Amino acid sequence: MRKNFGAKPFLYPQPVLIIASYDADGTPDAMNAAWGCISDSNQIAMYLSAGHKTVKNILARKAFTVSMADEAHVVACDYVGIVSGNQVPDKVARAGFHTTKSELVDAPIIDELPMTLECRLVSYDEESECMIGEIVNVSAEESILGENGNIDPSRLHPIAFDPVNSAYLAMGAKVGNAFQDGAKLK
């Protein structure tokens, strides 16, 4: 038997994205968002309210970074989501984060978060609040790379947002091989 919840934004997993930008005076800003996804081979789509300082910064600078929140930084990642940059302009520093300017886009990379997408603004639709960014680079700390030189999620320890219970979840272990396991049913 199933229980109906009605129309809700329930989808698993929802990544916890930390979106960073610079404000007009160059102060780093960041926000926590869960409503984002890859929308093309080199694009990310996120649904962000125009009232966020981060959105205003991105519209002005035409660039941003998106880092994957991880288990080691849950408190800081949650903090940048519950405190507004409109009221607390130094919230990145208060979260304990440090930043380095991206070499490719006019936006900060959060040093403590080991995986970052560096993006240029493609578009922002005020009605739908959909922001599209072109991914120009993915940078990753060597500490999260596996023996094959690729990003290893078991070293990254990304977290997901549970919208039903307002919780953050650790991502689980590998359970299969994409584009291979289904071939057994051919």
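Keep in mind that what you see is a predicted model, and the values were worked out from it rather than measured.
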(message) Please check: side-chain N/O of D40 versus main-chain N/O of N42, any donor-acceptor pairing under 3.5 Å?
(response) no
(request) Give me the ring orientation class for H73 and F97: parallel if the planes are under 30° apart, tilted from 30 to 60°, perpendicular past 60°. (result) tilted
(request) Can you see which heavy atom on P15 is nearest to which on G36, and at what distance? (result) CG-O, 3.8 Å
(request) Taking the side chain as every heavy atom from C-beta outward, state whether C119 and V105 have any atom pair closer than 4.5 Å. (result) no
(message) Working to the nearest 0.5 angstrom, can you tell me the gap between F161 CZ and L11 CG?
(response) 12.0 Å
(message) Do V122 and Q43 make a side-chain contact, defined as non-hydrogen atoms from C-beta onward lying under 4.5 Å apart?
(response) yes
(message) With a 4.5 Å cut-off on side-chain heavy atoms, are C77 and L113 touching?
(response) yes
(message) Under a 3.5 Å distance rule, please check whether K91 uses its side chain to pair with a backbone N or O of A30 as donor and acceptor.
(response) yes
(message) Tell me the closest heavy-atom pair linking P89 and T27, and the distance in Å.
(response) O-CG2, 3.6 Å
(message) Side chains of S21 and T54: any donor to acceptor distance under 3.5 Å?
(response) no
(message) Through direct or indirect side-chain contacts below 4.5 angstrom among Ile, Leu, Val, Met, Phe, Trp and Tyr, which residues connect to F64?
(response) L17, I19, M31, I38, I44, M46, L48, V55, I58, L59, V66, M68, M115, L117, L121, Y124, M131, I135, V138, I144, L145, I151, L156
(request) Looking only at non-hydrogen atoms, find the nearest pair between T116 and S67 and report the distance. (result) OG1-OG, 2.9 Å
(request) Treat each ILVMFWY residue as a node, draw an edge where side-chain heavy atoms are under 4.5 Å apart, and state whether Y47 and Y12 are in one component. (result) no
(message) Just so I know, are the side chains of D106 and K62 near enough to count as touching, which here means a heavy-atom distance under 4.5 Å?
(response) no
(request) Go through the side-chain N and O atoms of D29 and Y22 and say whether any donor and acceptor fall under 3.5 Å apart. (result) no
(message) Please find the pair of heavy atoms, one from R61 and one from A24, that lie closest to each other, and give the distance.
(response) NH2-O, 3.4 Å
(message) Could you check whether any side-chain heavy atom of Y79 comes within less than 4.5 Å of a side-chain heavy atom of V88, counting everything from C-beta outward?
(response) yes
(message) I need the minimum non-hydrogen distance between C130 and A45, along with the two atoms involved.
(response) SG-CB, 4.4 Å
(message) I'd like to know if the side chain of N148 reaches the main chain of N150, judged simply by a donor and an acceptor atom lying under 3.5 Å from each other, with no hydrogens or angles considered.
(response) yes
(message) For a 4.5 angstrom cut-off between non-hydrogen side-chain atoms, does P153 reach M171?
(response) no
(request) Look at the side chain of D152 and the backbone N and O of S154, then say whether any donor-acceptor pair between them is shorter than 3.5 Å. (result) yes
(message) Quick check on side-chain contact (heavy atoms from CB on, under 4.5 Å): which of D23, T65, T99 does P28 satisfy it with?
(response) T99
(request) Indicate if V16 and V75 have the same hydrophobic cluster label, given that clusters are the connected sets of ILVMFWY residues with side-chain heavy-atom separations under 4.5 angstrom. (result) no
(request) Measure the spacing between NZ of K184 and CG of N177 and express it to the nearest 0.5 Å. (result) 7.5 Å
(request) Grab the two heavy atoms, one from I18 and one from A69, that are nearest each other, plus how far apart they are. (result) CG1-CB, 4.1 Å
(request) May I have all residue pairs that pass salt bridge (charged side-chain N to carboxylate O under 4.0 Å, His left out) and include part of residues 111-129, sequence neighbours excluded? (result) R120-E134
(request) Please examine the side chains of K53 and S84, heavy atoms only from C-beta on, and report whether any two atoms are closer than 4.5 Å. (result) no
(message) If I take atom CG from residue N137 and atom CG from residue L104, how far apart are they, to the nearest 0.5 angstrom?
(response) 5.0 Å
(request) Kindly write out the residues that satisfy salt bridge (charged side-chain N to carboxylate O under 4.0 Å, His left out) with D78, not counting sequence neighbours, or none if the list is empty. (result) none
(request) Any chance you could measure D70, atom CG, to R155, atom CZ, to the nearest 0.5 Å? (result) 15.0 Å
